[in-house]
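From a predicted model like this one, the values you see are computed outputs, not experimental measurements. By convention here, the first residue in the shown sequence is residue 1.
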Amino acid sequence: MEEWTIRAGEAGKRLDAFLMERKGWSRSFFMKALRTKKIKVNGKKEEPSYRLKEGDRLRSFVLEEKRPLPPPEILYEDDHILAVNKPAGLLSLDVTGKTKDTMLERVNCLLAERGETAAFPVHRIDFNTSGILLLAKSLEDRDLLDRLIRERKIRKSYLCVAEGRMTPPKGRLEDQLFKDARKNRVYVVDHPVKGSKTAVTEYEVKSFRQGLSLVECHLLTGRTHQIRCQMAHADHPLLGDDKYGSKEWNRDKKERRQLLCSYKTTFDFEEEGGALSYLSGKTIRLSCVPFVEKYFKGVMI
């Protein structure tokens, strides 16, 4: 059994939204739990639309498979946020409720062992991309982080390994991207069309060895597959990226995941940071990125 006492910042949220977000359940999973009387508010069953009140005691009697999960690598933690290193090949979170091992679940298992409440996801990193993932320790912190990310007050920098030598070695990619949701693929279009969005990426080549460029990318917009799509369109696809690059080249190099890592996060705000203003000027970064060590050993990041 799990139990939550609703806090002031959680009051007013719908019962279904609260549990689906907190537990990563799909709606069908939640409805089955409610229908089988495994969800109780103050000891009784409520409708999915029930608005939680401060002080409500919410209990879940859902029995989920429990198995040890690897502990997350915590890069930074305080009373408001967590920053963890998500490995490639792991989901940030799973809204379908089908996958038990996600980065969010690993973090929440650790927090549960400490007797602390679960964390809230702020953003995601693609399954095959590695790097820094931010989580909030309260709804208020999540909303604040979400706003700061949307306002580009939190800067995320990526490292990637690309085919060929990029010229010029420092520049800016600006394209119109159109996402085909059915194919889960993004395309560069020549001019704005219905559904397309502007994507802007600043880049700098950090090293070039044996036909490969180590490139640092800074996102000025946050579009799906932005770096992967724009780099491929510039004739420099990422090594390991079958979707936008060459499968033959990737197999030859024995790389089956795009070599892309969110390696640095910088907090760039002052008064607008509210309760998180103390983070202004702070940078969280990875000290080691495995693919950099493999292809560009000795290069400082």
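If you chain together hydrophobic residues whose side chains sit under 4.5 Å apart, Ile132 and Phe267 fall into the same group.
Within the structure, side-chain hydrogen bond (donor to acceptor under 3.5 Å, both in side chains) pairs that include any residue of residues 208-224 comprise Arg155-His218, Glu216-Tyr263, Thr221-Gln226 (at least two apart or interchain).
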Please determine whether salt bridge (Lys or Arg N to Asp or Glu O under 4.0 Å) holds for the pair Glu2 and Lys23, giving the CA-CA distance in whole Å, both sets of side-chain angles, and the decisive distance to 0.1 Å. CA-CA 11 Å; Glu2 288 184 275; Lys23 296 296 296 177; 2.7 Å; yes
When you look at Gln176 and Thr198, which way does the side chain to side chain donor-acceptor pair (under 3.5 Å) test go after all the steps? CA-CA 5 Å; Gln176 282 289 314; Thr198 301; 2.6 Å; yes
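Within the 4.5 Å cutoff, side-chain heavy atoms of Met1 are placed close to those of Arg59. At a threshold of 4.5 Å between non-hydrogen side-chain atoms, the residues Val215 and Leu159 do not count as touching. Between Asp126 and Arg228 there is a side-chain heavy-atom pair separated by less than 4.5 Å. In this structure the side chain of Val41 reaches within 4.5 angstrom of the side chain of Tyr50, judged on heavy atoms. Residues Asp180 and Val186 form no side-chain contact, since every pair of their non-hydrogen atoms from C-beta on lies 4.5 Å or further apart. Residues Lys86 and Met103 meet the side-chain proximity criterion, which asks for heavy atoms closer than 4.5 Å. The shortest side-chain heavy-atom distance between Leu111 and Thr117 does not fall under the 4.5 Å cut-off. Proximity of Pro87 to Ser130: side-chain heavy atoms (C-beta onward) are nowhere separated by under 4.5 Å.
Here the CG atom belonging to Leu220 is positioned 9.0 Å from the CD atom belonging to Glu174, to the nearest 0.5 angstrom. Rounding to the nearest 0.5 Å gives a distance of 8.5 Å between OG of Ser277 and CG of Leu148. Put simply, NE2 on His233 and CG on Asp175 are 5.0 Å apart, with the number rounded to the nearest 0.5 Å. The CG atom of Leu173 sits 5.0 Å away from the CD atom of Gln230 when rounded to the nearest 0.5 Å. Between atom CG of residue Asn184 and atom NZ of residue Lys179 there is a gap of 5.5 Å, rounded to the nearest 0.5 Å. If you take CG on Leu238 and CZ on Arg257, they are separated by 15.0 Å, rounding to the nearest 0.5 Å.
The main-chain N or O of Ile125 is found under 3.5 Å from a side-chain atom of Ser92 such that the two form a donor-acceptor pair. Panel note: side chain His80, backbone Leu276; no donor-acceptor pair is recorded below 3.5 Å. Between the side chain of Asn108 and the main chain of Ala119, a donor-acceptor pair closer than 3.5 Å is present. Between the Asn42 side chain and the Arg57 main chain, a donor and an acceptor come within less than 3.5 Å of each other. Asn250 places a side-chain N or O within donor-acceptor distance of the main-chain N or O of Ser246, the cut-off being under 3.5 Å. A donor-acceptor pair is defined here as one N or O able to donate and one able to accept, closer than 3.5 Å; such a pair exists between the side chain of Glu10 and the backbone of Arg7. A distance-only check finds a donor-acceptor pair linking the side chain of Arg285 to the backbone of Ile301 [under 3.5 Å]. Using modelled atom types, no side-chain atom of Lys153 and backbone atom of Arg147 make a donor-acceptor pair closer than 3.5 Å.
Note on ring orientation: taking the six-membered ring where Trp is involved, the planes of Trp4 and Phe18 are perpendicular (angle over 60°, cut-offs 30° and 60°). His225 and Tyr244 have perpendicular rings, their planes meeting at more than 60° on a 0 to 90° scale where under 30° would count as parallel.
Of the candidates Arg256, Arg251, Arg185, Lys253, Arg251 is the only one forming a salt bridge (charged side-chain N to carboxylate O under 4.0 Å, His left out) with Asp242.
Listed by chain and residue number, Glu140, Asp141 satisfy the side-chain contact (heavy atoms from CB on, under 4.5 Å) test with Ser138 (two or more places apart in sequence, or in another chain).
Heavy atoms only, all atoms of each residue included: Cys261 and Gly131 are closest at SG-CA, 3.9 Å.
Residue-environment remark: NZ (Lys45) exceeds the threshold of 12 foreign heavy atoms within 6.0 Å.
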